Amino acid sequence: MPLPKESSYTTDYIFSLPEGQRAELIDGVVYDMAPPNRLHQELVSELHYKITDYIKNNGACKVFPAPFAVFLNADDKTYVEPDISVICDKSKLDDRGCVGAPDWIIEIASPSTKRTDYGVKLFKYRSAGVREYWIVNPLTRTVNVYDLEKEELNDQYSFDDDIAVCIYDNLTINITELLKQ
């Protein structure tokens, strides 16, 4: 007879998963993570490189690609691995990852993560204090930009657009140009 599932999980469950199995935990609910495809990884790689290159010349933030642990709350009920995390307050960094809200999070959407990225995570990131949140959708070739710091409505861009980064005054990213490299 199968054991009943817990109604609310903690980070202990996440850390007990077998090697290589990845999941996120949001308010005690586990979200399994499928392996990313090639385009997903190319987007993460190119975005990471572009942002890191900019920061090396213009700031003191740190950029981390997934898998990188982010503990958004002061409890053990939320653990996420954003595709890209930009952290400007280095006191949030420890050996396990980031404790608190990153300044900028980028998620690469897929059919299996669409509901979570556009709904659950948007709400969670906004309430946790993330300043900027991007959802890059390779299927629609769009990028939703949420300026959570100014609480403005989101803007949607095409991969062909030069997209201004909200937390920096002079950084723009063109996804089509990144993918040509």
Side-chain angles (χ1 to χ4, degrees), residues 22 24 26 31 33-70 72 80-90 92-93 97-98 100-181:
R22 292 179 50 214
E24 292 180 309
I26 301 174
Y31 295 85
M33 298 171 69
N37 65 27
R38 182 204 55 81
L39 180 55
H40 178 281
Q41 289 303 92
E42 186 175 355
L43 284 163
V44 170
S45 178
E46 293 298 333
L47 285 162
H48 176 258
Y49 176 77
K50 173 80 173 178
I51 298 164
T52 299
D53 188 51
Y54 173 83
I55 288 174
K56 281 183 179 177
N57 298 307
N58 297 286
C61 301
K62 298 292 256 176
V63 185
F64 298 94
F68 180 73
V70 174
L72 283 175
V80 292
E81 292 183 2
D83 290 312
I84 302 277
S85 300
V86 177
I87 297 106
C88 299
D89 180 354
K90 291 184 183 156
K92 292 181 180 180
L93 298 172
C98 177
D103 293 271
W104 180 17
I105 288 177
I106 300 174
E107 296 283 10
I108 312 299
S110 68
S112 65
T113 66
K114 188 175 176 181
R115 184 176 86 55
T116 306
D117 291 337
Y118 287 94
V120 176
K121 285 185 176 180
L122 173 59
F123 173 78
K124 194 64 184 177
Y125 292 160
R126 175 179 281 134
S127 62
V130 172
R131 295 168 55 201
E132 182 169 358
Y133 176 41
W134 285 24
I135 304 171
V136 178
N137 190 327
L139 296 174
T140 60
R141 295 184 50 81
T142 58
V143 179
N144 284 65
V145 175
Y146 298 88
D147 184 345
L148 303 176
E149 186 174 43
K150 295 179 183 163
E151 296 187 25
E152 294 177 6
L153 294 176
N154 78 307
D155 289 315
Q156 187 176 66
Y157 299 91
S158 150
F159 274 23
D160 297 324
D161 293 329
D162 291 333
I163 306 167
V165 175
C166 302
I167 67 168
Y168 296 113
D169 292 332
N170 57 350
L171 174 60
T172 60
I173 297 176
N174 182 302
I175 303 293
T176 297
E177 291 300 316
L178 281 181
L179 294 175
K180 285 182 182 176
Q181 300 179 27

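Because the structure is predicted, anything quoted here is derived from the model rather than measured. Numbers for residues simply follow the sequence, beginning at 1.
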S127 side chain vs F123 backbone, donor-acceptor pair below 3.5 Å:
yes
Can you name the nearest heavy-atom pair linking P138 to L39, along with the distance?
CB-CD2, 3.5 Å
Is there side-chain contact between I175 and L43, with at least one heavy-atom pair below 4.5 Å?
yes
Hey, is R131 close enough to D147 for a salt bridge, meaning N to O under 4.0 Å?
no
Side-chain contact test, heavy atoms from C-beta onward, threshold under 4.5 Å: evaluate it for W104 versus V165 and give yes or no.
yes
In the structure I gave you, are the side-chain heavy atoms of P82 and Y125 within less than 4.5 Å of one another anywhere?
yes
As a quick check of understanding, evaluate side-chain contact (heavy atoms from CB on, under 4.5 Å) for F64 and I87, giving each step before the final call.
CA-CA 8 Å; F64 298 94; I87 297 106; 3.7 Å; yes
State, with a plain yes or no, whether a side-chain heavy atom of L139 is found less than 4.5 Å away from one of P111.
yes
Under 3.5 Å, is there a donor-acceptor pair between the side chain of E132 and the main chain of C166?
yes
Heavy atoms, side chains only, cut-off 4.5 Å: are I84 and F68 in contact?
no
What residues, two or more places apart in sequence or in another chain, satisfy disulfide (SG to SG under 2.5 Å) together with C61?
C88
Do the side chains of V145 and Y157 get nearer than 4.5 Å, heavy atoms only?
yes
Flag the pair I106 / I51 as yes when at least one side-chain heavy-atom distance between them is below 4.5 Å, and no otherwise.
yes
All heavy atoms of A66 vs all of R22, minimum pair found to be CB-NH2, 4.1 Å
Assess whether atom CZ of R115 is packed by more than 12 heavy atoms of other residues, nucleotides or ligands within 6.0 Å.
no
Please give me the minimum heavy-atom distance between T176 and R141, naming the atom from each residue.
OG1-NH2, 3.1 Å
Answer yes or no: does atom CG of D169 have more than 12 heavy-atom neighbours from other residues, nucleotides or ligands under 6.0 Å?
no
Which residue, N154, N137, D155, D117, forms the side-chain contact (heavy atoms from CB on, under 4.5 Å) with N144?
N154
Can you tell whether the side chains of E46 and K50 come within less than 4.0 Å, N to carboxylate O?
no
Which distance, rounded to the nearest 0.5 Å, do you find between the OG of S158 and the CD1 of I163?
7.5 Å
Got a second to check how far L47's CG is from T52's OG1, nearest 0.5 Å?
10.0 Å
Please check if the number of heavy atoms outside K62 that lie under 6.0 Å from its NZ is greater than 12.
no
One should read off an interatomic distance between L148 CG and D103 CG, to the nearest 0.5 angstrom, of 11.5 Å
Looking at A109 and I135, what are the two nearest heavy atoms and their distance?
CB-CG2, 3.8 Å
So which heavy atom on A164 is nearest to which on W134, and how close?
O-CZ2, 4.1 Å
Distance from L122 atom CG to R126 atom CZ, nearest 0.5 Å?
5.0 Å
Would you sort out whether T116 and T113 count as a side chain to side chain donor-acceptor pair (under 3.5 Å), showing the intermediate values?
CA-CA 5 Å; T116 306; T113 66; over 6 Å; no
Hey, what's the ring geometry for Y146 with Y133, parallel, tilted or perpendicular (30° and 60° as the breaks)?
parallel
What do the steps show when you test D83 against H48 for side chain to side chain donor-acceptor pair (under 3.5 Å), and what is the final call?
CA-CA 9 Å; D83 290 312; H48 176 258; over 6 Å; no
What distance separates I105 CD1 from E81 CD, expressed to the nearest 0.5 Å?
12.0 Å
Could you give the distance from NZ (K121) to OH (Y31), rounded to the nearest 0.5 Å?
9.5 Å
Do N174 and L178 have side chains that get closer than 4.5 Å, going by heavy atoms?
no
What verdict does the side-chain contact (heavy atoms from CB on, under 4.5 Å) test give for F159 and V143, after you've listed the backbone C-alpha separation in whole Å, the side-chain angles of each residue and the deciding distance to 0.1 Å?
CA-CA 7 Å; F159 274 23; V143 179; 4.0 Å; yes
Determine the minimum heavy-atom distance between A128 and A101, stating which atoms define it.
O-CB, 3.3 Å
